[in-house]
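Data first, discussion second: the structure below is written as structure tokens.
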2 protein chains.
Amino acid sequence: MHNLITDIKNTVSINDSDLQRVLDKFHKKEYDKSDIIPSYATVSKHMKFIEKGLVRVYIIDNQAREITIQIGIESAWINDLYSYLSDTTSNIYLTVYEPTTILQIHKNDLEQLYKEVPAMESFSRIKIQQSYTRLYNRAFNQLNKTAEERYLEFRDKYGYIEPRVPQYIIASYLNISPEHLSKVRHDLLKK
Amino acid sequence: MHNLITDIKNTVSINDSDLQRVLDKFHKKEYDKSDIIPSYATVSKHMKFIEKGLVRVYIIDNQAREITIQIGIESAWINDLYSYLSDTTSNIYLTVYEPTTILQIHKNDLEQLYKEVPAMESFSRIKIQQSYTRLYNRAFNQLNKTAEERYLEFRDKYGYIEPRVPQYIIASYLNISPEHLSKVRHDLLKK
DNA sequence: CAAATTCCTTAATCTGTATTAAGAAATCAC
DNA sequence: GTGATTTCTTAATACAGATTAAGGAATTTG
């Protein structure tokens with residue numbers, strides 16, 4: 001649980017006994033490459049932390065195209081926060097691209113912890129804020145950028161993820177066709 | 001403060017003395033049509049509630065185009081939540097389209113209230129969650145829709161706002177050119 | 001290691017929406 | 001109410017990126 005402990009300690013200050021109480025509520029789940037983590041059509045009831053591995057979060061739009069929302073690796077939280085927060089059915093798919101260890105906590109347990117360990121209420125608020133700001137950046141900073149600019153920004157921020165997933169998944173994260181990403185990369189080489 | 005009281009009571013349960021304590025921390029600001037509410041290049045320190053009126057929230061992109069993020073009317077919260085949450089300088093402009101009454105609370109006062117009035121911590125969490133889900137919907141549900149579909153969805157959800165602002169502002173909210181919105185509307189009439 | 005499958009590239013064509021331009025309609029200010 | 005300003009419409013042209021198609025490269029599987 002090394003990465004989880006680091007993540008909590010980096011986010012809030014918490015003493016060791018409280019931390020232990022929190023960790024006790026997490027459950028480990030192991031997945032293999034190509035596994036699907038159940039999410040679609042269910043109501044999300046867990047906050048999920050990637051202790052190790054790589055998971056893609058995506059939706060399928062009304063033209064049957066996959067749009068990648070997040071490519072999560074070690075120390076990322078993945079979840080359909082929308083479903084989790086609003087108790088609605090999830091539209092999100094989660095698939096595993098590397099052997100992956102998930103540590104997850106049930107919403108009920110987390111909400112119980114808010115009462116027992118005040119730092120955790122803070123923790124959740126901060127995590128939701130981070131999700132908000134990340135989504136905001138993605139939605140608006142990329143609204144006025146070309147495919148090439150978006151790709152360069154992605155490489156800049158998340159370049160270390162690039163070699164770990166097929167290129168068409170990067171394309172679907174950038175919301176461009178795989179063919180166009182291929183062209184963008186080709187054109188960049190000539191510059 | 002009628003709309004604010006209603007909004008708080010609709011969001012959390014709170015007794016009258018606590019409510020009064022909360023209301024005491026809000027300050028009233030009046031603006032006229034065409035006024036600019038200071039925001040750009042400052043760090044947002046207030047949660048702002050529109051008691052009455054209409055305010056447009058927008059950014060200016062790197063091609064000097066305005067992109068409308070939110071068109072807020074009575075009972076809407078408007079803010080650069082990104083700036084407010086992350087203590088960074090705001091990129092957002094706020095302009096007033098009708099005589100407007102804003103009720104605002106300072107971040108310090110609100111955080112103080114979290115300690116004195118627990119319902120307010122809940123209140124903030126719920127409001128941030130709502131912002132998140134709204135942004136999510138806008139970012140992803142509209143990603144795979146044509147301009148026409150987005151316009152129809154807008155009219156469906158926020159049609160009552162349409163007559164209160166110029167059409168080119170709706171266009172910039174939908175992220176299309178005013179000319180194209182004009183065409184979309186024209187084509188819809190023929191259907 | 002061969003065959004199958006998945007992934008990537010190239011190139012031609014197509015499409016939705018932007019841009020430019022200009023005039024018409026509506027609204028505002030004196 | 002008239003002129004000035006703002007907003008909306010129409011239409012021609014331009015362009016970023018999608019789609020389609022097909023072949024090549026890489027990776028996986030038996």
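From a predicted model like this one, the values you see are computed outputs, not experimental measurements. In what follows, chains carry the letters A, B, and so on, assigned in the order in which the sequence lines appear, proteins first and then strands, with residues in each chain numbered from 1. When reading the values below, keep in mind they use all heavy atoms of this one structure, side chains included, and skip hydrogens, waters and symmetry mates.
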Is there a donor in the side chain of A:Arg56 and an acceptor in the side chain of A:Tyr97, or the other way round, less than 3.5 Å apart? yes
Tell me whether the rings of A:His46 and A:His106 are parallel (<30°), tilted (30 to 60°) or perpendicular (>60°). perpendicular
Which label fits A:Phe154 and A:Tyr158: parallel for a plane angle under 30°, tilted from 30 to 60°, or perpendicular past 60°? tilted
From CD of A:Glu148 over to C1' of D:dA18, roughly how many Å is that when rounded to an integer? 18 Å
DNA chain C contacts made by residues 170-177 of chain B, counting heavy atoms under 4.0 Å: B:Asn175, B:Ile176, B:Ser177
Could you write nucleotides 4-16 of chain C as a row of B, S and -, 5' to 3', where a protein heavy atom under 4.0 Å of any base atom gives B, of only sugar-phosphate atoms gives S, and otherwise -? ---SSBB------
Cation-pi check, B:Arg150 onto B:Tyr173 ring (under 6.0 Å, within 45° of axis): no
To the nearest Å, how far apart are A:Asp187 CG and D:dC15 P? 16 Å
Distance only, no hydrogens: is a donor on one side chain within 3.5 Å (strictly under) of an acceptor on the other, for A:Asp24 and A:Gln20? yes
Under 3.5 Å side-chain donor-acceptor pair for A:Thr101 and A:Glu30: yes
Donor-acceptor contact present, side-chain B:Ser83 to main-chain B:Leu81, <3.5 Å: no
Does A:Lys45 make a cation-pi contact with A:Tyr84 (under 6.0 Å, within 45 degrees of the axis)? no
